[in-house]
There are 2 protein chains.
Amino acid sequence: MGRVTRVKDKPKRRVPRSVREREIVDAAVHVFSQRGYRAAVVDEIAELAGISKPMVYLYFTSKEGLFVACVRREARRLAETFREAAQRAGGSPELRLWAGLSAFFAFVAERRDSWVVLHRQAPEQSEAIAAELAEARRTVMAEVTALVASGISDSDGGDHLGEFEAEFVAHALVGAADAVTDWMERHPDSPPDGASLRLMNMVWIGMRDVLAGGTWAPQAP
Amino acid sequence: MGRVTRVKDKPKRRVPRSVREREIVDAAVHVFSQRGYRAAVVDEIAELAGISKPMVYLYFTSKEGLFVACVRREARRLAETFREAAQRAGGSPELRLWAGLSAFFAFVAERRDSWVVLHRQAPEQSEAIAAELAEARRTVMAEVTALVASGISDSDGGDHLGEFEAEFVAHALVGAADAVTDWMERHPDSPPDGASLRLMNMVWIGMRDVLAGGTWAPQAP
DNA sequence: CTCATACCTTACTCTCTGGTAAGTTTACTT
DNA sequence: AAGTAAACTTACCAGAGAGTAAGGTATGAG
């Protein structure tokens with residue numbers, strides 16, 4: 001009725017730039033993760049953010065720029081989540097790794113979109129995107145590798161072979177975690193922590209025994 | 001010069017449909033894997049296959065149809081490669097799993113494009129594509145799961161808990177293998193079999209000990 | 001009240017690309 | 001040699017979607 005009171009369907013509120021930017025990135029992460037970079041349509045992102053397309057270009061210059069902003073923010077979030085969880089856990093490396101893994105699963109389960117944007121994009125869209133994705137993945141992997149490495153050096157006495165091995169294990173671990181994510185979707189019955197616990201059981205015990213000399217070779221039993 | 005002798009630059013040979021179809025799929029797998037489904041351009045695929053665009057549509061009806069054909073062929077190839085390697089290895093489940101894993105790595109290393117098309121595509125492009133990718137992944141996972149399951153039942157005496165567990169392990173394993181693929185690219189020095197051996201060491205020993213009762217729990221050392 | 005500024009929109013343009021119409025050429029059969 | 005079917009092409013259309021021009025409107029400062 002009134003002219004001052006806004007129609008409730010369309011709040012049409014005007015919002016400061018910093019807030020709107022956040023909303024746009026929120027929307028963009030969702031659409032990018034659902035459709036993929038190329039198939040994502042800027043108009044849809046804008047609508048989801050409650051504004052019109054030119055605003056997106058005013059704030060982010062281009063679709064590519066918007067995507068880069070998404071990747072940067074989500075990578076930072078994930079790395080922080082992981083690091084903080086590990087730090088909070090304190091104590092032994094394996095407890096810290098377990099806390100980190102659990103946090104990772106919680107993140108991927110709760111903020112599926114973020115993970116998809118970070119990890120399941122064809123990086124071959126442009127030079128800038130490839131670079132940003134590489135940097136993002138490097139950041140996340142560095143956190144995981146650090147934890148794994150401390151676990152290894154804890155067991156083998158600071159051998160420098162550890163760094164190399166830790167990188168391998170970290171990659172395998174993150175890949176496994178990512179894949180298990182899919183599996184969890186088809187088994188919503190099993191508890192969320194179950195996955196991280198299972199992985200820890202497999203990987204950690206395996207790793208410990210390997211470091212203790214319990215190797216497996218093709219011709220062994 | 002001659003009219004009969006073809007110019008060597010452009011053989012322009014006419015080729016039977018079945019052969020041309022194979023060439024088109026070859027080209028398509030390459031371009032799809034490099035650019036992703038949406039960013040891949042049919043003209044480029046056609047040129048790479050040595051023909052013009054309408055031929056692609058004559059043989060495959062649509063871009064979507066072409067992609068489905070790619071996925072179908074590569075999934076079949078990978079599953080066969082895996083199964084045959086395992087069969088050839090014979091013997092104990094772990095030897096078969098190791099042979100399968102090695103074959104998998106060889107496949108991914110040698111035919112990177114195929115794997116990328118199968119596993120790193122956003123399945124949200126269309127209903128048909130999502131269905132085909134799901135089916136393809138199901139096929140591949142079934143092979144791996146079968147091997148893992150036989151390994152588990154070999155150790156625990158045919159418990160039916162195994163099926164559930166095997167699926168988890170198989171997913172984790174394939175995810176790890178996929179991720180390790182990236183790692184291998186940055187470490188071309190380490191032998192190709194090294195990766196599968198490392199994974200076997202981690203996963204198999206871990207799994208064996210877990211089945212033997214050696215669980216890990218948050219509060220344990 | 002006015003005015004400056006920051007927020008926001010409608011209504012385009014222009015390129016890229018999936019898909020097709022209409023016809024041409026080769027090679028095999030009879 | 002003629003006929004015919006399969007292989008192949010050039011040249012086009014139509015829609016989608018990235019990016020922009022030009023201007024409208026709320027809101028806080030003076």
Side-chain angles (χ1 to χ4, degrees), chain A residues 2-7 9-25 27-28 31-32 34-70 124-126 128-129, chain B residues 2-7 9-25 27-28 31-32 34-70 122 124-129:
Chain A
R3 286 175 24 246
V4 176
T5 324
R6 279 268 143 250
V7 185
D9 287 349
K10 293 228 156 193
K12 216 79 176 216
R13 35 156 216 163
R14 232 150 231 236
V15 153
R17 174 165 183 158
S18 61
V19 173
R20 196 58 98 185
E21 279 178 342
R22 221 179 57 75
E23 292 174 345
I24 294 174
V25 172
V31 175
F32 279 136
Q34 200 160 326
R35 305 236 191 286
Y37 175 74
R38 195 64 183 253
V41 172
V42 177
D43 270 311
E44 188 184 350
I45 294 171
E47 191 186 356
L48 192 62
I51 49 164
S52 65
K53 191 167 52 165
M55 290 302 294
V56 175
Y57 284 91
L58 181 62
Y59 288 164
F60 294 95
T61 312
S62 66
K63 187 183 183 181
E64 188 184 80
L66 176 57
F67 186 77
V68 165
C70 292
E124 321 292 349
Q125 306 291 0
S126 82
I129 288 181
Chain B
R3 286 177 21 248
V4 175
T5 324
R6 281 266 142 253
V7 185
D9 287 348
K10 293 229 155 192
K12 216 74 177 226
R13 44 174 201 145
R14 229 150 233 237
V15 153
R17 174 166 183 157
S18 62
V19 173
R20 196 57 98 186
E21 278 178 344
R22 221 178 59 76
E23 292 174 345
I24 294 174
V25 172
V31 175
F32 279 136
Q34 200 160 325
R35 305 238 191 284
Y37 175 73
R38 196 62 183 256
V41 172
V42 178
D43 270 311
E44 188 184 349
I45 294 171
E47 191 186 355
L48 192 62
I51 49 164
S52 64
K53 192 168 49 166
M55 290 302 293
V56 175
Y57 284 90
L58 181 62
Y59 290 165
F60 294 94
T61 312
S62 66
K63 187 183 183 181
E64 188 183 78
L66 176 57
F67 186 78
V68 165
C70 291
E124 320 293 347
Q125 306 290 0
S126 83
E127 201 48 56
I129 287 181

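Scope of the values below: all heavy atoms of this structure, side chains included, with no hydrogens, waters or symmetry mates. Every chain is numbered from 1 and lettered A, B, ... according to where its sequence line falls, protein lines coming before strand lines.
Counting only heavy atoms from C-beta on, A:Tyr57 has its side chain closest to D:dG19 among C:dG18, D:dG19, D:dA11.
Counting atom types as modelled, A:Arg14 pairs no side-chain N or O with a base atom of D:dT27 as donor and acceptor under 3.5 Å. Not a single donor-acceptor pair, N or O on each side, falls under 3.5 Å between the base of D:dG19 and the side chain of A:Lys63.
If you take CE of A:Met55 and C1' of D:dT20, they are 15 Å apart, rounded to a whole angstrom. Between B:Glu44 atom CD and C:dG19 atom C1' there is a gap of 18 Å when expressed in whole angstrom units. Between the P atom of D:dT25 and the CZ atom of A:Arg13 lies a distance of 20 Å, rounded to the nearest Å. The separation between A:Gln125 atom CD and D:dA18 atom P is 12 Å, rounded to whole Å. One interatomic measurement links the two molecules: CD1 of B:Ile45 to P of C:dG19, which rounds to 11 Å at whole-angstrom precision. Counting to the nearest Å, the C1' atom of D:dA6 and the CD atom of B:Glu21 are 13 Å from each other. For B:Tyr37 and C:dG18, the OH to P distance is 8 Å, given to the nearest whole Å. Atom NZ of B:Lys53 and atom C1' of D:dT10 are 12 Å apart (whole Å).
In this structure, A:Asp43 and A:Glu47 have side chains that are not in contact, with every pair of non-hydrogen atoms separated by 4.5 Å or more. Taking 4.5 Å as the limit, some side-chain heavy atom of B:Phe60 sits within range of a side-chain heavy atom of B:Glu21.
Counting non-hydrogen atoms under 4.0 angstrom, A:Ala46 reaches nothing in the nucleic acid. At the heavy-atom level, A:Phe60 lies nowhere under 4.0 Å from the strands shown. Residue-level contact check: B:Pro54 touches the bases, meaning some heavy atom is under 4.0 Å from a base atom.
Between B:Arg38 and the phosphate of D:dG17, there is a side-chain N or O to OP1/OP2 separation shorter than 4.0 Å. In this model, the phosphate group of C:dC8 is approached by a side-chain N or O of A:Arg20 to a distance below 4.0 Å at OP1 or OP2.
Between A:Tyr37 and A:Phe32, the angle of the ring planes stays under 30°, which puts this pair in the parallel group of the 30/60° scheme.
The local environment of CD in A:Glu23 is crowded, with over 12 non-hydrogen atoms from other residues, nucleotides or ligands closer than 6.0 Å. Taking a 6.0 Å sphere around CZ of B:Arg17, one finds it holds more than 12 heavy atoms contributed by other residues, nucleotides or ligands.
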